[in-house]
Amino acid sequence: MAGDRELSPRRWRILSFLALHGWATTSDIAVVAGVPRLTAHRDLTWLHTMGLVGRERSAEDRAHAWWYRITGEGTELLDRDLVLSGRPVPLRLGQRDWGAAHYLLFLPLLAVSRQDPARCGLFQWLTTLDTSVWLRERGLAHLRADGYGVWLQDGRCLRFLVHVDPGPVGEVIAERERSTLGLGAVLAGYRRTDPVLPVGVVLVIARDAEREANLLADLVSRPLRAPIAITTVDLLHHHRPHEQVWRIPAAGTARHRLIDIPPPSGAFLVDSKVVGPK
């Protein structure tokens, strides 16, 4: 077993990341740690040799890439370090899973941050579980978001919640229903109370262009107080999420950069308080 002193700060970060996010590939870890893929591979191999992470290959993956996850021994080591240092132990440490928002927004935004650190950066990111805790602390427990983030760019800040459209749910679905089925549930929590939110925008990632168009049409006919911006999975696969990929209801076909999404009524929201521009 590895002792605390044998773990470099970077390997501690990798171990912490796996404990909070679940399975990850070498490429994912390279982005998170901000190192070349070969360096990430060496760190993961060392952690695996020490018994702190496990690894598996998917039989369906033609690339035969290793997927790494923290082991019980690694979780115990991390848990003990957190307790001894007086820091709180996160819920379900070492038992978490990746969500679609992590791959579609978290890793791409983090990659952009690493490439141009002087201009932009992902200042904060909460996983689905931590986002639920964050919402509950602010009296918004009825909302079910897939993630929360804070994006900084060109001296500006944008806080956002993100929802990923799960697509039509069920095995037998009529073709005419595929473009609308399940869309209503994506923003159902906001329609319950239409709350004032402690974020600048709610991001929605639709499964395809047709579902995006239907969701936009619904928001135009039944507006929400919460500012909404929408894009598609396909656009995020071909572009960075900080590029001009986001559409806003009632704003035509124009797409906006993440940082340029206009805040409601010329103000931005911080911790449930509205603060006007200075």
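Atom set for the values below is all heavy atoms of this structure, side chains included, hydrogens, waters and symmetry mates excluded. Because the structure is predicted, anything quoted here is derived from the model rather than measured.
The shortest side-chain heavy-atom distance between L44 and H48 does not fall under the 4.5 Å cut-off. Looking only at side-chain heavy atoms (C-beta outward), P166 and V186 come within less than 4.5 Å of each other. Using a 4.5 Å heavy-atom threshold, the side chains of T131 and L143 count as separate. Contact of the R159 side chain with the Y148 side chain is registered, since non-hydrogen atoms from C-beta on lie closer than 4.5 Å. Counting heavy atoms from C-beta outward, L161 and L203 have side chains that stay 4.5 Å or more apart. The shortest distance between side-chain heavy atoms of L82 and P88 does not fall below 4.5 Å. With a 4.5 Å cut-off on side-chain heavy atoms, H21 and W125 count as touching. I70 places none of its side-chain heavy atoms less than 4.5 Å from the side chain of L77.
Looking at every heavy atom in both residues, L216 comes nearest to I248 through CD2-C, 4.1 Å. Across all their heavy atoms, A229 and I261 have their closest contact at CB-CD1, 3.6 Å. Of all heavy-atom pairs spanning P227 and G200, the tightest one is CG-O, 3.0 Å. Taking every heavy atom of both residues into account, D234 and H238 meet most closely at O-ND1, 2.8 Å.
To the nearest 0.5 Å, atoms CZ (R55) and CG (L47) are separated by 11.5 Å. Expressed to the nearest 0.5 Å, how far CG of L38 lies from OG1 of T45 amounts to 9.0 Å. With values rounded to the nearest 0.5 angstrom, H142 atom NE2 is found 13.5 Å from R136 atom CZ. To the nearest 0.5 Å, the span separating CZ on R247 from CG on L215 amounts to 10.5 Å. A distance of 12.5 Å separates CD1 of I230 from CG of L235, quoted to the nearest 0.5 Å. The structure places CZ of R144 at 6.0 Å from OG of S132, a figure rounded to the nearest 0.5 Å.
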message = side-chain contact (heavy atoms from CB on, under 4.5 Å), that's the test. Do I228 and V201 meet it? Break it down for me.
response = CA-CA 6 Å; I228 310 290; V201 67; 5.9 Å; no
request  = Would you please test L158 and V150 for side-chain contact (heavy atoms from CB on, under 4.5 Å) and show each step?
outcome  = CA-CA 6 Å; L158 180 69; V150 180; over 6 Å; no
inquiry  = Go through it in stages, so that I can follow the logic: the residues are D208 and E212, the test is side-chain contact (heavy atoms from CB on, under 4.5 Å), and I'd like the CA-CA distance, side-chain angles, deciding distance and then a yes or no.
reply    = CA-CA 6 Å; D208 54 46; E212 178 195 50; over 6 Å; no
task = List the steps, then state whether side-chain contact (heavy atoms from CB on, under 4.5 Å) holds for E243 with R255.
result = CA-CA 9 Å; E243 295 176 341; R255 294 191 181 270; over 6 Å; no
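Side-chain atoms of W246 and Q244 include no donor-acceptor pair closer than 3.5 Å. A side-chain donor-acceptor contact under 3.5 Å links R96 and T127.
L140 and V133 fall into different hydrophobic clusters, where Ile, Leu, Val, Met, Phe, Trp and Tyr residues are linked whenever their side-chain heavy atoms come under 4.5 Å apart, directly or through other members. By the rule that hydrophobic residues join a cluster once side-chain heavy atoms approach within less than 4.5 Å of another member, L129 and V162 end up as members of separate clusters. Both V83 and L15 are assigned to one and the same hydrophobic cluster, defined by single-linkage of ILVMFWY side chains at heavy-atom distances under 4.5 Å. A continuous path of Ile, Leu, Val, Met, Phe, Trp and Tyr side chains, each step under 4.5 Å between heavy atoms, connects W12 with W46, placing both in one hydrophobic cluster. Cluster membership check: I205 shares its hydrophobic cluster with I259, using side-chain heavy-atom separations under 4.5 Å among Ile, Leu, Val, Met, Phe, Trp and Tyr.
Between Y190 and H163, the ring center distance clears the sub-6.0 Å criterion.
Note that R57 lies in the cation-pi zone of W66, set by a 6.0 Å cut-off to the ring centre and a 45° limit from the axis.
By the salt bridge (charged side-chain N to carboxylate O under 4.0 Å, His left out) test, D97 is found to be paired with R69, residues two or more places apart in sequence or in another chain being considered. Checked against salt bridge (charged side-chain N to carboxylate O under 4.0 Å, His left out), D218 has the following partners two or more places apart in sequence or in another chain: R191, R222. Applying the side chain to side chain contact (heavy atoms under 4.5 Å, CB included) criterion to R13, with sequence neighbours excluded, gives P9, R10. For T231, the side chain to side chain donor-acceptor pair (under 3.5 Å) test picks out no residue, with sequence neighbours left out. Looking at residues two or more places apart in sequence or on another chain, you find no ring-ring contact (aromatic ring centres under 6.0 Å, His included) involving H242.
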Less than 3.5 Å apart, which donor and acceptor atoms pair up between the side chains of residues 102-122 and the rest of the protein, not counting sequence neighbours?
unit_1	atom_1	unit_2	atom_2	d
H102	ND1	G99	N	3.4
S113	OG	L109	O	2.8
S113	OG	L122	N	2.8
R114	NE	V31	O	3.2
R114	NH2	V32	O	2.2
R119	NE	D154	OD1	2.9

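T71 places a side-chain N or O within donor-acceptor distance of the main-chain N or O of L52, the cut-off being under 3.5 Å. Remark: the backbone N or O of Q95 is paired with a side-chain donor or acceptor of R92 at under 3.5 angstrom. Side-chain atoms of D43 never come within 3.5 Å of backbone atoms of A40 as a donor-acceptor pair (strictly under, hydrogens ignored).
One finds no salt bridge joining D165 and R207 here, because no Lys/Arg side-chain nitrogen approaches an Asp/Glu carboxylate oxygen to under 4.0 Å.
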